**Q** 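Provided herewith is a single structure, encoded as structure tokens, for subsequent inquiry.
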There are 2 protein chains.
Amino acid sequence: MAVNRVTSQDVADRAGVSRTTVSLVLNNVPGIQISDTTRQRVLQAAEELNYVPDAAAQALASRQSQVIGLVLIRTPDQIASDIFLTQTLDGLIKSVHKAGMRLLIDIIDPEHQEETYLHLMRAKRIDGIILSGPRSNDESLNALLDVDFPTVLLGQLPGSQFYSVDVDNRAAAHNAATHLLNLGHRRIACITNAPLSYTAANDRLSGYRQALETAGVPFDPPLVRFAEFDPESGYEQMNNLLESGSDFSAAFVASDLVAYGAIAATREHGLRIPEDMALVGLDDLPFSRFISPPLTTIRLPAIELARIATDLLFRLLQGEQPEQKQIILGTELVVRDSCGAKLHGYAPHQ
Amino acid sequence: MAVNRVTSQDVADRAGVSRTTVSLVLNNVPGIQISDTTRQRVLQAAEELNYVPDAAAQALASRQSQVIGLVLIRTPDQIASDIFLTQTLDGLIKSVHKAGMRLLIDIIDPEHQEETYLHLMRAKRIDGIILSGPRSNDESLNALLDVDFPTVLLGQLPGSQFYSVDVDNRAAAHNAATHLLNLGHRRIACITNAPLSYTAANDRLSGYRQALETAGVPFDPPLVRFAEFDPESGYEQMNNLLESGSDFSAAFVASDLVAYGAIAATREHGLRIPEDMALVGLDDLPFSRFISPPLTTIRLPAIELARIATDLLFRLLQGEQPEQKQIILGTELVVRDSCGAKLHGYAPHQ
DNA sequence: CTATATTACTAACACGCGTTACTAACGCGT
DNA sequence: ACGCGTTAGTAACGCGTGTTAGTAATATAG
């Protein structure tokens, strides 16, 4: 029973109607009158034949692919340990399913072929796009704006006309650093989550600086190091920091993943966490509460972020034009053991 | 310059040839003679107009969507912390890109709507499918076999006719348990990675049993607990185990992620790792070497797995019929600190 | 110089569906 | 009987491409 091409014509034949009628019934075209009996006959015929419309033909005729694209702009190394991605995917797929659409995923290396997503658009393979990790120096982005292609950024592009959804990175970092300041620390190092060309990294660093400033603590550039997404880089940068001879009693690490590496490095230097070195991360990855010591961090609403982005995109697809272009979600401090707050009897929660 | 539908007709007009010629040139149809000058003319026209073929029209005409589907059969809870997924994705997308194709991703809940992937197939939205986490009680799978749809399983389905790529779970677990046995442990608990309805979980448990048997150590059912993919469940099961009063000095945890939770629970019971409790995981996730203590585990070639699966699928798509239907990849013990080997001066490596 | 093969292309159909414009039948009031 | 609105349905075109069968021009063979 292999090659069993069931077309709408087959359904029409079986129901004794025209192909047009089949299309009208199955698509539930509004404002069209079809008698209930034939309607039922068509539905039953389709059911019996196990009819599934050809996606390509539908797309060609209707000019809608019913697919949205998730484009991740990452270097290959980042992707393998990007748990944030799985959370995004989780939220995304649920929303996409709810809308009866599909998700095409693509990962592109920022160094090469920056325009693959333009291809997806031009080939009309996707109806809309969710772009994660947009870079400000990516000129292909303008092409999206030019043709008014439904686009939602996951992340920010300051000053651009794109719709975007992001967390308040600055506030999150500010929160983390302030927490350490409140615990009495004055020499607080900072390890970024990524190079500063990433706006998120930049914002987090600036939130950290701002917190110091507010507290009247001088910003000391040698206490800042730049990691690159993964634990390895965190491990290196913390080693680097500890061996630099700088004096500091705490560190804000702008990514949980990077913090894992930093913790390992700190341990290897014979320092106890939090007694000798207080640490605060940022992300609240699913395992951050299980590592040792449980990591104090800032929780990002990852899944919600994806949900909101998708829902926003769907509104764009339906022709709406939401006036709020940039949506910024709040974050939340999660106090665990790595910051030492519990030792001081401060915020003895969770 | 918004709606700029560039069709092959436009290219043909500009190059002064027929649409057919354009198609022949652009698709590099073999065995067809086109003079070099017109060929260049067509290519240049296409370039100048920035022509990108309509994917839907191509798919309709050629009966190939140039898209392969990655279908993950998971419960929603699993997905958010599934780092293995990101590694899979990494390997997958690279291979897919190399073949000039795209990847459609879908996550389906094993409880509901098991047949969404059949929809993808019937709608001809995808040319082939990579199915991760196949369940033996999924009857929809037969439909794939019936129509001979290009399919590769990521995981195993014993006794089925599917092409599949998997790691040798039994051997991996055997290896892990044997390592603990060699270190002198005789009372070794086991926390599975998942319920036994998952063949991988079943295989791992049986590898563990087999290792005990080989060593002449009796299998003690009360020492076995069943986790469910995430650290939370590992935390619970280890607590459960420790509070059961059972006597054991080591545990094989059949998933690194689950092991993270188990470590936390062990710590909270005031036990030192590895001195009071030796632990070995399985997966070698990217951060397992950074947690504390660095986790001794079994490395699975995740990215390679995905690569091989994709390459196998491409061979199927090209009509080949590789005779080896089941590919099993080997694993490797990675000795770190959690097992205590280094304390004993055993395998003082890495 | 004619018959045939080769080269370089094109006309026309097919893919399966959405959709517009149109028709046939019917009811209803006058 | 006629006109008119409404209901129920259909014929036919278009979406943009791949591909087969065919043609005109040129080269080759006899």
Side-chain angles (χ1 to χ4, degrees), chain A residues 3-43 45-46 49-67 100 119 121-125 127, chain B residues 3-43 45-46 49-67 100 119 121-125 127:
Chain A
V3 179
N4 208 359
R5 303 207 170 293
V6 178
T7 74
S8 66
Q9 184 63 59
D10 297 332
V11 178
D13 292 348
R14 184 178 189 98
V17 298
S18 77
R19 211 175 52 66
T20 305
T21 304
V22 172
S23 174
L24 295 177
V25 169
L26 293 179
N27 291 335
N28 233 324
V29 177
I32 285 275
Q33 311 290 5
I34 301 276
S35 79
D36 234 30
T37 60
T38 48
R39 184 182 295 272
Q40 289 309 321
R41 211 141 28 92
V42 169
L43 290 176
L49 292 176
N50 216 335
Y51 170 67
V52 176
D54 184 294
Q58 268 185 323
L60 185 56
S62 71
R63 275 143 219 176
Q64 292 196 344
S65 66
Q66 300 289 71
V67 173
H119 235 80
M121 172 190 82
R122 297 212 176 100
K124 282 181 241 142
R125 216 184 257 290
D127 294 338
Chain B
V3 181
N4 208 358
R5 304 207 171 294
V6 178
T7 73
S8 64
Q9 183 64 60
D10 297 334
V11 178
D13 291 349
R14 185 178 189 99
V17 298
S18 77
R19 212 177 48 68
T20 305
T21 303
V22 172
S23 174
L24 295 177
V25 169
L26 261 37
N27 293 333
N28 233 323
V29 177
I32 286 274
Q33 311 290 6
I34 301 275
S35 79
D36 232 31
T37 61
T38 50
R39 183 181 297 269
Q40 290 309 321
R41 211 140 30 89
V42 169
L43 289 176
L49 292 176
N50 217 334
Y51 169 67
V52 177
D54 183 293
Q58 270 185 323
L60 184 57
S62 70
R63 275 143 219 167
Q64 293 195 345
S65 66
Q66 300 289 70
V67 173
H119 236 80
M121 172 189 82
R122 297 211 176 99
K124 282 181 240 143
R125 215 182 258 290
D127 294 339

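Below, read A as the first sequence line, B as the second, and so on, with proteins coming before strands; counting in each chain starts at 1. Keep in mind that what you see is a predicted model, and the values were worked out from it rather than measured.
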**Q** For a quick test of reading the model: is some side-chain N or O of B:S18 closer than 4.0 Å to OP1 or OP2 of C:dC9?
**A** no
**Q** Pairing donors with acceptors under 3.5 angstrom, does anything connect the side chains of A:T20 and A:S23?
**A** no
**Q** Of the non-hydrogen atoms in B:Q66 and B:D127, which two are nearest, and what is the gap between them?
**A** N-OD2, 2.8 Å
**Q** Scan B:R63 against the nucleic acid and name what it touches under 4.0 Å (heavy atoms): base, sugar-phosphate only, or nothing.
**A** sugar-phosphate
**Q** Atom CZ of A:R19 to atom P of C:dT20: distance rounded to whole Å?
**A** 14 Å
**Q** Please classify the nucleic acid contact of A:V17 as base, sugar-phosphate, or nothing, using heavy-atom distances under 4.0 Å.
**A** sugar-phosphate
**Q** Look at all strands and tell whether B:I34 reaches a base, only sugar-phosphate, or nothing, counting heavy atoms closer than 4.0 Å.
**A** sugar-phosphate
**Q** Walking along DNA chain D from 5' to 3', note the first and the last nucleotide with an atom under 4.0 Å from a heavy atom of chain B, and give both.
**A** D:dG16 to D:dT20
**Q** For B:A57 and B:I32, find the nucleotide of DNA chain D closest to each by heavy atoms; which residue's nucleotide sits nearer the 5' end?
**A** B:A57
**Q** Going by salt bridge (charged side-chain N to carboxylate O under 4.0 Å, His left out), name the residues that satisfy it together with B:R14, two or more places apart in sequence or in a different chain.
**A** B:E48
**Q** Could you tell me the separation between the CD atom of B:Q58 and the C1' atom of C:dA14, rounded to a whole number of Å?
**A** 16 Å
**Q** Could you state the atom-to-atom distance from CG of A:N28 to P of C:dT19 in whole Å?
**A** 13 Å
**Q** Measuring from the side chain of B:S35 (C-beta onward, heavy atoms only), which nucleotide among C:dT10, C:dG16, C:dC9 has the closest atom?
**A** C:dC9
**Q** So does B:T20 reach the base of C:dA11 with its side chain, donor to acceptor, closer than 3.5 Å?
**A** yes
**Q** How do A:Y51 and B:G16 order along DNA chain C: which one's closest nucleotide is nearer the 5' end?
**A** B:G16
**Q** Return yes if a side-chain donor-acceptor contact under 3.5 Å exists between B:Q9 and B:D13, otherwise no.
**A** yes
**Q** Using whole Å, what does the distance between atom C1' of nucleotide C:dA21 and atom CG of A:L24 come to?
**A** 13 Å
**Q** For the side chain of A:S65 and the backbone of A:A59, is there at least one donor-acceptor N/O pair under 3.5 Å apart?
**A** no
**Q** Rounded to the Å, how far apart are A:R5 CZ and C:dC15 P?
**A** 9 Å
**Q** Over all strands shown, is A:T7 touching base, sugar-phosphate only, or nothing at heavy-atom distances under 4.0 angstrom?
**A** sugar-phosphate
**Q** Could you check whether any side-chain N or O of B:D54 sits under 3.5 Å from a backbone N or O of B:A56, counting only pairs where one atom can act as donor and the other as acceptor?
**A** yes
**Q** Just name whichever nucleotide pairs with C:dT30, Watson-Crick or G-U, keeping both distances under 3.5 Å, else none.
**A** D:dA1
**Q** Within the side chain of A:R19, is there an N or O that forms a donor-acceptor pair under 3.5 Å with the backbone of A:S8?
**A** no
**Q** What does B:Q33 touch in the nucleic acid at a heavy-atom separation under 4.0 angstrom: a base, only the sugar-phosphate, or nothing?
**A** base
**Q** Do any side-chain nitrogens or oxygens of B:T38 fall under 4.0 Å of OP1 or OP2 in C:dC9?
**A** yes
